[in-house]
K.L.:
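I am attaching a structure below and will ask some questions about it afterwards.
Predicted model, so just to flag it, every value in this text is computed and none were measured.
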Amino acid sequence: MSPLQITDPEIFSLIEQEKARQENRLELIASENFTSRAVMEAQGSILTNKYAEGYPGKRYYGGCANVDVVEDIARNRAKNLFNVEHVNVQPHSGTQANMSVYFTVMQPGDSYMGMDLAHGGHLSMGHPKNFSGKIYNVIPYSVRRSDHLIDYNQVRELAIKHRPKMIIVGASAYPRIIHYDIFSEIASEVGAVLMADIAHIAGLVVAGLHPSPAPYADFVTTTTHKTLRGPRGGIVMCKRQYGSALDSCIFPGMQGGPLMHVIAAKAVAFQEAGGKDFHDYQSRIVSNAKALAAELMNRGFSLVSGGTDNHLALVDLTPKGVTGAQAQEILEKAGITVNKNSIPFDPLPPGKASGIRIGTPAVTTRKMGASEMKTIAELIDRAIAGRHDENKLLQIKNQVQEICHKYPLYGKNGSVNE
Ligand code: DSN
């Protein structure tokens, strides 16, 4: 028996149940992935015992010799990977990474522009119930109704009209390439700081499959656990001139002790992302997303923007007569995990939503390919069409399990070996 099993059988059992859920279901949440054993080993290590407030060489605690090296390695690997001048690896999450940039650049009451959450943006880009919408004056920009692409003309017009202190470019549900060069031109035109949030597409950026914002943006934030396939956490990158202001904003400004075990795991993930297989993995994420999107469209699903250039597709379920919330529940019964998602100009509230967001990073980690994507689209279609028949949903769930058994996650032949 493991120590956890002996000390806390209840939590042990829930972790085992969650392991079985991850192993036996198709994970299509675009922001989720499965980390390597090496990342998990670092994250589950004794580094969790160490306090290290401050930065390498300037800590408030003794005994930091080893963790200083760990943090230096993490920072240098991220710098090389993303080709940036300064990195802070201490933010505990993507939202805290974004918060640290806002606190570095703006004062309460200042204005900034961010992508409307209802059009693919993120909670931390100005939602009225989030700090980002409460402390600052937010000017949201959106996608065009005609093609669902970012309306760069609107961005420019709003920027000229409002003269924001900062412009944020980044999204959590946008299936197309983002043109940082255009955002950079607009930001310079109005004297705004440019921040890019690449949380979703960080892996694609590293692999060169999506343009990098690094040459254009003053700040770049990302989480480390999505396409990048690292531990759950955030980092901030910036031009050298902002480095020391950013660092003091994160500590002592916003956070106390850094999570050194997570920083070690980030370092491991950065090394993996610099490895020879990573480009191939990211290419397969994109080709799988395109294959899944194409087969869904063949089957009468409507896709926001008509397809995808990246790791996700946003499916408008209106033609199928179900809401996003209903589809999420139906697919859950069929063994397929997705999240309901608003579509641009959605007539429904976010709790119901007209769409679902589907992504391929996790199934690609399992080594599934184009033929499985075709089958997954078929299963989604059959589940939604057969939603009133519990037997049909059960049959699909069994088929999902067969696919999952063919591409195991954990165990000897799994893509995440034990
Ligand atoms: N909530 C995450 C997502 O699912 O996109 C972003 O932080």
K.L.:
Does S172 use its side chain to pair, donor to acceptor, with the backbone of G121 at less than 3.5 Å?
P.N.:
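It does hold such a pair.
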K.L.:
Specify the closest pair of heavy atoms between A199 and T222, including all atoms of both residues, with the distance to one decimal.
P.N.:
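Of all heavy-atom pairs spanning A199 and T222, the closest is CA-OG1, 3.3 Å.
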K.L.:
Which pair of heavy atoms, one from S302 and one from P319, lies closest together, and at what distance?
P.N.:
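Smallest heavy-atom distance, with atoms named: CB-CG, 3.9 Å.
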K.L.:
Measure up the H311 and H200 rings against each other and bin them: parallel (under 30°), tilted (30 to 60°), perpendicular (over 60°).
P.N.:
tilted
K.L.:
Under the salt bridge (Lys or Arg N to Asp or Glu O under 4.0 Å) rule, what do K374 and E378 come out as? Steps first, then yes or no, please.
P.N.:
CA-CA 6 Å; K374 210 170 165 185; E378 182 207 321; over 6 Å; no
K.L.:
Under 4.5 Å between any side-chain heavy atoms of L393 and I330, yes or no?
P.N.:
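Yes. Closest side-chain heavy atoms under 4.5 Å.
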K.L.:
Begin with the C-alpha distance, continue with both residues' side-chain angles, and end with the deciding distance and a verdict on salt bridge (Lys or Arg N to Asp or Glu O under 4.0 Å) for E27 and R366.
P.N.:
CA-CA 10 Å; E27 182 55 71; R366 291 186 88 138; over 6 Å; no
K.L.:
Name the orientation class of the two ring planes belonging to F219 and Y242 (parallel below 30°, tilted from 30 to 60°, perpendicular beyond 60°).
P.N.:
tilted
K.L.:
Can you tell if the side chain of Q326 reaches within under 4.5 Å of the side chain of R387, non-hydrogen atoms only?
P.N.:
no
K.L.:
Quick one: are Y112 and V105 in side-chain contact, heavy atoms under 4.5 Å?
P.N.:
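No, side chains not in contact.
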K.L.:
Would you please indicate if the ring centroids of Y174 and H119 are separated by under 6.0 Å?
P.N.:
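Distance test on ring centres: not under 6.0 Å, no.
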K.L.:
So which atom in V315 and which in I358 form the shortest heavy-atom distance, rounded to 0.1 Å?
P.N.:
CG2-CD1, 4.0 Å
K.L.:
So which heavy atom on S124 is nearest to which on N130, and how close?
P.N.:
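Looking at all heavy atoms of both residues, the closest pair is CA-OD1, 3.5 Å.
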K.L.:
Is V190 close to R156 at the side-chain level, that is, under 4.5 Å between some pair of heavy atoms?
P.N.:
no
K.L.:
I want to check something: taking the side chain as every heavy atom from C-beta on, are V363 and L292 in contact at a cut-off of under 4.5 Å?
P.N.:
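When only atoms from C-beta onward are counted, L292 and V363 do not touch, as no gap falls below 4.5 Å.
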